[in-house]
Amino acid sequence: MTQTPQTRHDAAPTLPAQYQPGEVEQRRYEQWVSAGYFRADASSDRPPFSIVIPPPNVTGSLHVGHALDHTIQDSLIRRKRMQGFEALWLPGMDHAGIATQNVVERQLAAQGLSRHDLGRDKFVERVWQWKAESGGAILGQMRRLGDSVDWDRERFTMDEGLSRAVQTVFKRLYDEGLIYQAERIINWCPRCLTALSDIEVEHSDDEGELVSIRYGDGPNAIVVATTRAETMLGDTAVAVHPDDERYAHLVGTEVELPLTGRRIPIVADAHVDPAFGTGAVKVTPAHDPNDFEIGQRHGLPNLAVMDERGVITVHGPFEGLDRFEARPAIVDALREQGRIVAEKRPYVHAVGHCSRCKTTVEPRLSMQWFVNTGPLAKAAGDAVRDGRVKIEPAELAKRYFAWVDNMHDWCISRQLWWGHRIPVWYGPNGEVVCVGPDEAPPSGEGWRQDEDVLDTWFSSGLWPISTLGWPESTPDLAKFYPTSVLVTGYDILFFWVARMMMFGLYAMDGKQPFNVVALHGMVRDQYGKKMSKSFGNVVDPLDWIERFGADATRFTLARGANPGSDVPVSEEWCQGSRNFCNKLWNATRFALMNGATVAGELPDVTELSTVDRWILSRLQHVIAEVDEQFEAYEFAKVCDTLYHFAWDDVCDWYVELTKPTLAAGGPAAEATRRVLGHVLDNLLRLLHPVIPFVTEELWTALTQDETVMRAAWPSADGGLVDDAAEAEVGMLQRVVTEVRRFRSDQGLKPGQRVTARLAGLADAGIGAHEPLIRSLARLDQAGDEFSATATVAVAGGVTVELDTRGTIDVAAERARLEKDRAAALREAEQCRGKLGNAAFVEKAPEAVVAKIQTRLQAAEADLVRISAALEALPA
RNA sequence: GGGCGCGUAGCUCAGUGGAAGAGCACUCGCCUUACAAGCGAGGGGUCGCAGGUUCGAAACCUGCCGCGCCCA
């Protein structure tokens, strides 16, 4: 076996033929962590770049939505780190009040216990115990994904420091009158037994019933329509629109409420829609927010008829019935009395559900704590309006404004035990005292603390400041606030982003919590369908990481991530991403086997071949494009650009074009080895933010350096842009592709060599590349016995005559040429049409007209050569 | 009911005024010593419909049809 010395470098590390992510990922992650690469230093001189992670629930596990969100954040952070920023990605979790309490209550229930059996202190202790033992599984899963978060700064919303932030901001808002207590209709979950804020309620169109009931008898009878017949027990009025002439004579009279015998007034209120149902509505102030407001306006009593579990508490026969049992029972009773005028079933209408447990929400009148969001929401809107905070993509700012400009006051109290307890004490004589973090609560006989805890969003709204140490003025806060960018899904723009904006601006004297909000969409399946357990199309990112690798999983997600748009993924696409990683693996493997090097400077351009100058030029464009795309949060485009550069330019062309040079050896090979090393070095750096593991493995093998994480982010060098080289290689590619097309049409085997004569190469500017063309198109030199059996006319004036030894498939060749001729004809005609249009020539920009003229000339020249080839074909 | 968005190849999506694109899928031929997780070649679209603006429209305007999301 003969071996050219230049093609075998025994000193180079050898790589297996396939990339095995499982053997790399865990080892690399541990190295990174123990080397401290993820750590950010608040005292450094480097410019800061910071991201706080949207805190996952302590009860949660990594789902594909997290994987997307984290991939984007990690890509941003890793790139900025390479660019020389002091990059901080701060991890942590929130305590997820309702969800976590539910988890532990279920465990207790399995032992036949309720939280009340334990008592508040023991229960909370138990939750902490659960958190320590099995909470936060997601943190380990984040490591699998490769998240380069600063683990030393991990935070939890219930940590002491963060709790202090909660208490501090509560006290300040309370003292300024922006937090208040009031009896209102709030959203109540009869299963979780707590109040919910508006955003914790999901509306869906459900099938219900619309029942029309006649109240009163005789001429004064009035018919009301309702979807909630069971609440009629609590009616304290009937309302009609003041301009509704049908009922004008009844306003001010009373009517007997069926089943109860109570007499209730008929009132006029502009809120009533005269077009809905009969135009008359029952008014149940204690069980409906709109009715509550009508009741306030008319001084109606609030009569509650259900308890906290949604069980009827009044009126003998119905007492003790659940609200959904009471409804048909009451309708039946009314029907027996002949009071049901109409029933519509099913009647589809919007119904609110607890976002946590899907139980139908029950509007409930109760005393709760609220934040007056008026001034806070105004500031949150203004920060975006005046450009201090940029929302990406900008179109989604409209949604943001729609929310913050119409925000209702925020119900922040929850009837739970797990969370930040409201720092308000009540005294024996009706005193109410809000206690700040450094104050001792009032003690003595008769004082007690408010039983409720705060909404989890209250503490996660403080996340960007509390995790950096607020209310203390810490070096972290000074260095990393405002954070650079917040990355999250558009679905929580109002939930969380708006709350962080309100609190950040408020607590930091108008300084915004982040400069940019980069929004991504939801992960969907390959048909654009929402992922759902019932549909069976849910992707488990850990499963993909196992089977295809973390890089493939990340690349699949990033590649689908167009700003603000949903991200479709599928297993096949993930396989494709794995294939891409393997392609990189093998390209690097080839480079190492052929002595590619990163040692020393790049040779001067005058010493480089056209092909080397071409790939370097392409690389500069790619660097510039990728930079622009990263800055615009265009992750799909980043991936697309790099994918095509790596696969098409580097692997399919550059590597193939360098093979003859490398095999030949000599100074040309030496230069090419250096360029090949340079290109891969840069390509791997560019890809590192998205696919950190495989790039680390390959880059360290290629460079013998410590880590790509610390390598500088490439910057484009305009001096290496070479239009002439790009044009030459472009031409070369067209010739090779045309010959391959001919070969394929003729059924010639890839390995079969064909003799050929090439003409017009010099005129096309690629005279020097004949050997490369022959190598890639597998064409041998024509000898004395050469006899052309076919002619391939390449656009640009190059003609290739081939001797196929009489085995030409005339029909196939004729079909090919006729197709080409038709295309050329079409092209020429199109151009002539345009140029024949006086208005076009006159009004279109000169450059456009010139381009069309050039196209016409090219098409006409092609036509001549194609026709000649056709005529030369045997009949 | 109010608002926002979308309709481009079989599927998922880029393309925002000057030659219809990508990935996957499909067809044909190949184990050509980096890679079959691969290589080469190919087929496939009156850009939802109808008007309008423009020398020129997938793109801009109007209307219609269909779909999705958010809010009430």
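Order of the sequence lines fixes the chain letters, A, B, ..., with proteins taken first and strands second; residue numbering starts at 1 for each chain.
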Determine whether the side chains of A:Thr804 and A:Gln746 contain a donor N or O and an acceptor N or O closer than 3.5 Å.
no
What nucleic acid atoms does A:Ala402 come within less than 4.0 Å of, heavy atoms only: base, sugar-phosphate, or nothing?
nothing
Lys/Arg-Asp/Glu bridge criterion (N-O < 4.0 Å) met for A:Arg228, A:Asp291:
no
Test: A:Lys659 and A:Glu656 ion pair at under 4.0 Å:
yes
Interatomic distance where CD belongs to A:Gln18 and C1' belongs to B:rA34 [whole Å]
12 Å
Where the side chain of A:Arg740 is defined as all heavy atoms beyond and including C-beta, which of B:rG40, B:rA19, B:rA34 is the nearest nucleotide?
B:rG40
For A:Lys529, answer base if it contacts any base atom (sugar-phosphate contacts may also be present), sugar-phosphate if it contacts only those atoms, and nothing otherwise; contact means non-hydrogen atoms under 4.0 Å.
nothing
Can you tell whether the side chains of A:Asp648 and A:Arg618 come within less than 4.0 Å, N to carboxylate O?
no
From CG of A:Asp820 across to P of B:rG42 the rounded distance in Å is 10 Å
Calculate the interatomic distance between A:Asn562 atom CG and B:rA14 atom P; express it in whole Å.
5 Å
Protein-nucleotide distance (A:Lys834, atom NZ; B:rU54, atom C1'), rounded to Å:
13 Å
Rounded to the Å, how far apart are A:Arg826 CZ and B:rU46 P?
14 Å
Which part of the nucleic acid, if any, lies within reach of A:Thr588 when heavy atoms closer than 4.0 Å are counted: base, sugar-phosphate only, or nothing?
nothing
Give the rounded distance in Å between these two atoms: CZ of A:Arg399 and P of B:rC71.
9 Å
At under 4.0 Å between heavy atoms, what does A:Asn837 touch on the DNA or RNA strands: base, sugar-phosphate, or nothing?
sugar-phosphate
Proximity to RNA chain B (any heavy atom under 4.0 Å), residues of residues 639-654 of chain A only
A:Asp640, A:Tyr643, A:His644, A:Trp647, A:Cys651, A:Asp652
Side-chain contact check for A:Ser744: nearest option of B:rA19, B:rG40, B:rA37 is B:rG40
Length of the line joining A:Arg559:CZ and B:rC24:P, which is rounded to integer Å
7 Å
Please determine if A:Arg559 and A:Asp640 form a salt bridge, counting it only when a charged side-chain N lies under 4.0 Å from a carboxylate O.
yes
Distance in angstrom units between A:Asn586 CG and B:rC35 P, rounded:
6 Å
Please pick, from B:rG15, B:rA34, B:rC70, the nucleotide with the shortest atom-to-atom distance to any side-chain atom of A:Glu656.
B:rA34
Using a cut-off of strictly less than 4.0 Å between a heavy atom of the residue and any atom of RNA chain B, enumerate the qualifying residues of residues 564-574 of chain A by number.
A:Ser565, A:Pro568, A:Trp573
C1' atoms of B:rG42 and B:rC60, separation to the nearest Å:
37 Å
